[in-house]
Amino acid sequence: MNIRETLIQKATNVRPQAYAPYSNFAVGAALITHDGEIFTGVNFENASFGLTICAERNAIGTMVTAAQKSIKALAVATENGVSPCGACRQVMVEFAIDDYPIYIVNTTTGAVQETSVQQMLPLGFDSSQLPRDNG
Ligand code: THU
């Protein structure tokens, strides 16, 4: 299986692990790093709603925990193929060495929309814009 199909399958398969008792909206994410490691994540909510963590940021946090920092591709799976929120887009940019593909999966129809991190956050803020090198 190629990277695209692998990520689509992993994001779809992890989605039922979501902890989403308030929204009932389960999201699964899977990413591969340039080292070829795959990490997955699901959204997990809280009774204090604003503490919710999206699936994409959960997968990225797991990647960082494993000392990985560069995303090669990412897939996000939902029942209706929604695209990543603004906060997640910003976090996705943080770990981009180059533009990379994003696969947006509709698990009901099987449709996959392919976009990229640059397309999702044009003119995004990144560390190169800081007045001094903090990276
Ligand atoms: N959610 C994600 O996990 N990723 C997204 O890209 C959009 C929204 C979650 C957050 C919350 O648990 C639920 O979906 C409804 O907003």
Side-chain angles (χ1 to χ4, degrees):
M1 221 183 328
N2 61 27
I3 286 174
R4 175 189 157 115
E5 295 312 313
T6 300
L7 292 181
I8 290 169
Q9 189 185 82
K10 295 226 178 236
T12 301
N13 289 347
V14 78
R15 193 174 78 91
Q17 308 289 354
Y19 176 73
Y22 306 105
S23 72
N24 279 317
F25 190 68
V27 186
L31 66 83
I32 188 164
T33 66
H34 282 279
D35 284 357
E37 282 195 66
I38 292 176
F39 299 95
T40 59
V42 293
N43 56 324
F44 63 99
E45 301 181 345
N46 193 277
S48 176
F49 299 158
L51 299 183
T52 290
I53 302 291
C54 293
E56 299 91 321
R57 276 178 291 146
N58 191 9
I60 291 169
T62 305
M63 172 192 79
V64 173
T65 304
Q68 296 282 322
K69 291 180 183 62
S70 74
I71 301 173
K72 187 176 179 184
L74 183 148
V76 56
T78 57
E79 66 186 32
N80 57 351
V82 300
S83 63
C85 81
C88 287
R89 293 175 194 213
Q90 181 66 34
V91 175
M92 289 174 189
V93 164
E94 183 72 23
F95 298 101
I97 344 181
D98 295 311
D99 196 11
Y100 62 81
I102 309 285
Y103 308 114
I104 297 173
V105 186
N106 179 323
T107 61
T108 306
T109 63
V112 179
Q113 181 190 354
E114 182 168 343
T115 179
S116 77
V117 71
Q118 283 299 330
Q119 280 180 290
M120 286 200 312
L121 193 64
L123 298 176
F125 179 71
D126 64 42
S127 63
S128 71
Q129 296 171 66
L130 291 169
R132 59 197 166 78
D133 184 6
N134 289 309

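Numbering of ligands and ligand atoms starts at 1, following listing order.
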- How about S83 and R89: do any of their side-chain heavy atoms sit closer than 4.5 Å? yes
- Query: Where the side chain of Y100 meets the backbone of F95, is there a donor-acceptor pair that is under 3.5 Å apart?
  - Reply: no
- Query: So which of M63, K69, K72 actually passes side-chain contact (heavy atoms from CB on, under 4.5 Å) with T33?
  - Reply: M63
- Query: Any sub-3.5 Å donor-acceptor pair from Q17's side-chain atoms to V14's backbone N or O?
  - Reply: no
- Which protein heavy atom lies closest to atom 8 (C) of ligand 1, and at what distance to 0.1 Å? C54 SG, 4.1 Å
- So, does V82 sit close enough to ligand 1 that a heavy atom of it is under 4.0 Å from the ligand? no
- Message: Need the ligand 1 atom indices (1-based, order shown) with element for anything under 4.0 Å from a heavy-atom of C85.
- Response: 6 (O)
- Query: Among I104, N43, V42, T52, which residue places a heavy atom closest to atom 9 (C) of ligand 1?
  - Reply: N43
- Task: Considering the heavy atoms of E56, write down every atom of ligand 1 situated less than 4.0 Å from one of them.
- Result: 2 (C), 3 (O), 4 (N), 5 (C), 6 (O)
- For residues V27 and V76, determine if any side-chain heavy atom of one lies less than 4.5 Å from a side-chain heavy atom of the other. yes
- Task: Only pairs at least two apart or in different chains count here, so list each salt bridge (charged side-chain N to carboxylate O under 4.0 Å, His left out) that has a residue in residues 102-126.
- Result: R4-E114
- Query: Nearest protein heavy atom to atom 3 (O) of ligand 1, by residue and atom, and its distance?
  - Reply: A55 N, 2.9 Å
- Message: In the complex you have, is atom 16 (O) of ligand 1 within reach of the protein, judged by whether a heavy-atom distance drops under 4.0 Å?
- Response: no
- Query: What's the shortest distance from atom 11 (C) of ligand 1 to any protein heavy atom, and which residue and atom give it?
  - Reply: E45 OE2, 3.2 Å
- Query: Counting each atom of ligand 1 from 1 as listed, which ones have a heavy atom of S23 under 4.0 Å away?
  - Reply: 13 (C), 15 (C)
- Tell me, please: is P84 in heavy-atom contact with ligand 1, that is, under 4.0 Å? yes
- So, Q90 side chain and G124 main chain: donor-acceptor pair closer than 3.5 Å or not? no
- Task: Identify which of F49, Y19, F25, Y22 has a heavy atom lying nearest to atom 14 (O) of ligand 1.
- Result: F25
- Query: Would a 4.5 Å heavy-atom cut-off, applied to side chains only, mark T40 and T62 as touching?
  - Reply: no
- Message: With a 4.0 Å cut-off on heavy atoms, is A20 in contact with ligand 1?
- Response: no
